[in-house]
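Inspection log for the structure reproduced underneath, given as structure tokens.
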Amino acid sequence: MSEIRATHTLALAPVIPPASTVDGFVQEFLNNLNFRQGVALSSSSQNDRYLALAQTVRDYLMARWLEDQRAQFERQSKGVCYLSAEYLLGRQLDNNLLASDLGGIAAEAMSVCGIDLDELRGLEVEPGLGNGGLGRLAACFVDSLATMSVPSIGYGIRYEYGIFRQTFVDGQQAEQPDQWLALGSPWEFPHPEAAQIVSFGGHTERYQDGDVERTRWIPAWNVQAVPYNYMVPGYHNGRVNTLRLWSAVATHAFDLRIFNSGDYAEAVRAQTFASNISKVLYPEDSTPQGKELRLQQQYFFVAASVSDFLDHHLADGFDLTKLPDRVIFQLNDTHPVIAVPELMRVLVDVRGLEWDAAWEITRGCFAYTCHTLLPEALEEWSVDLLGRLLPRHLEIIYRINEEFLAEVRETYGDDELRIRNMSIIAEHPERAIRMAYLATVAGAKVNGVAELHSQLLRDKVLPDFAAFFPGKFTNVTNGVTPRRFLRLANPGLSSLITEAVGPGWETDLDRLQGLEAYADDAGFRTAFAEVKAQNKVRLRHELLARDGLVVGEDHLMDVMVKRLHEYKRQMLKVLHIVSLYEGIASGRVAAAEVTPRTFIFGAKAAPGYAMAKRIIHLINAVGSVINDDPRVEGRLKVLFPPNYNVTLAERVIPAADLSEQISLAGKEASGTGNMKFALNGALTIGTDDGANVEIRRLVGDENFFLFGMTEPEVEALWSTGYRPGEFYQADEDLRRALDLIASGAFSGGDRSTFEPVVSNLLYDDRFMVLADFAEYIRAQREVDAAYADQDAWNRAAILNVARCGFFSSDRSMRDYINGIWHTPPAL
Ligand code: 26W
């Protein structure tokens, strides 16, 4: 309570925002440089200047932030607590300058000081506190919530090391620690006074409380969760929401027994152990490893967040039975699902509510979003591990399961097979808690992230639950923030859009429809093409400076950027490239006949995912052969800048002509990169998967290159037996391409290096790359033909932009608000 009260008082004494003039900005900046960084302008480093600039922007936002925190508390209206283990934020300076409309003033002020603002922007190391789509989605959502004035708070983990920094050594991925905090982090505010204690281990005890029997948990150890607040400014609306990330610090009472026994050094060593909890983001993005530290991370941030909300955000004397009218905890995948038994524990054991009343409350306070279809990505925690780390929570999960299965029995009788299938506890291969089932039983709503995904979730992944809980399952198609991915990343296109449809589209993306008419305007098409060309030049400079890579001039920019995973099928792209190259190298095709293309890859592989790392190696190897072969005459270039991240995405996406979205149908839950490309005027070559389905429906078949099996066709082929060898035998181009890789042509003649990749495709490929090869090549030929008519291509690209307003994350947020949260904006 103390912290909110303090904020409250401070905000009542009005905090005067600094004057928004260039002079005022210069003054503030110099003050920060002198008094916070402790340096004179003349002797300041670029880093000092970056930090002072960041502090200046921060100060401008501060008054609004304090006011919004006060107002949210005062109103006590229903809000969202978004629980996510990942937030892939991207750089903050650009975003916050844009949101607060200070870009112009800051640029002028810097130039008055003889400083280049763009240079300072370039210094920021982005907080990469996420793996990929799921983490970036969380960042887009908090941006939209702030922009839409929705009362909300994002909770997560302040990893000391975010997603690893990728380098290539001899074409192979090497991982370096991501030291994003090393040069100071001006955007965060630690609040040690609001720390929460989070406990682990130990045992439980029953005791009598009058005539009721109660349980208490006697934990064995604990850790302090210290919150760090980040500003989440809305776009031009004066709102600033909060992202609260927790950092683990050892408690002094860490192990009193050891202290008391006199082994001081051992006790201090044990403290380092506790602070490990928030040390590093797990770089796995599909197969959970079942690591104890990961479960500790999950419980750590979720327990701190639930207590933080109950202790600091509810008015005094709040009636907890009304909690569902006050808050919804949105579970971003299964990672935070341990919050369900935690809320039960707090309500029953700590606040003394009856079990049934507590369950009623809990069921009203959670909703669950699933982000996958791969069965191996559905988290399960072994009963053994969970019971050791969180013994009370295990008991609570058992009781939830018991009562749930009793209800199932009431409906279906003793259908033991069904009961076993629906049990939250799996029995094989070991007893384990199925976190997705727990989330589904507890959640008021369960949603997938694109239409097709939600349908498959209902029909294939959780069909028994969908039948048992009619009305619980719903869809919310993902979206992306147009502020970062259009306005910031593509200023050229943004100006064109504003000229055409007027201002305001950044917060009302359906207005892009107004561009439709301009697709037939030759002048507009020329201007649009000019913007794309400039974006390519910008990328050319960037990749040259960043990595020494040379983008082909006047090339079709063909881009595949996303995590490296077999289901996403980077190998299909590799086979296409190798096939083009093989045609030239064998002399069957004249280089002059191929459309000049630069292929850009960006992808990190999970460090333990051997096949993914081999594919990275292969892409680099193919690149170095093709890029250096004079027979290619520079018409094909394969570039793989290392360490793909949000910052690089912002440069690559606006320059792309062709967006590669080629996952096996039924495997990509949604995709969000696909939306960013289309909004920036790239055409998509894609399968009927995830949100591609909706993109194609909106932009029209004639403006989308569709290929490949549909999900039912995939199922049919799989169940009759997929025999890759037959596809290999039947397709000469495919045979030549695969044989070339197998021959050692990309590994200095060594046939063993990429043999596992080739064998995998031929004998053991769950993702059926060879089955879609012929269709993919056919679609790529259509791309070449279409690209030959630049004017028609530009028209189609403009229509892509005009018709993709639906994919704003503001629309996603509206869907969550109307269908799941019922949290109206507080205007
Ligand atoms: C290690 C366990 C684990 C498992 C899954 C960690 C992270 C995950 C995520 C669910 C992976 C992920 O990012 N999924 C992506 O979520 C996006 C946002 O909804 C979707 O657009 C992508 O299709 C989906 O792959």
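Every number for a ligand or one of its atoms is a count from 1 in the order of the listing.
Listed as neighbours of ligand 1 are G133, L134, L137, E284, D285, S286, P288, R294, D333, H335, H371, V449, N478, Y567, E668, A669, S670, G671, T672, each bearing a heavy atom under 4.0 Å from the ligand.
Relative to the ring axis of F164, K604 places its NZ or CZ within 45° and under 6.0 Å from the centre. Under the 6.0 Å distance and 45° angle rule, R458 does not count as a cation-pi partner of F473.
Annotation: salt bridge (charged side-chain N to carboxylate O under 4.0 Å, His left out) contacts involving residues 434-447, sequence neighbours excluded, are absent. Within the structure, the salt bridge (charged side-chain N to carboxylate O under 4.0 Å, His left out) test picks out the following pairs touching residues 641-660 (sequence neighbours left out): R484-E650, K536-D657, E542-R651, K573-E660.
Residues that satisfy the salt bridge (charged side-chain N to carboxylate O under 4.0 Å, His left out) test with R136, not counting sequence neighbours, are absent from this structure.
Aromatic ring centroids of F141 and Y816 lie under 6.0 Å apart.
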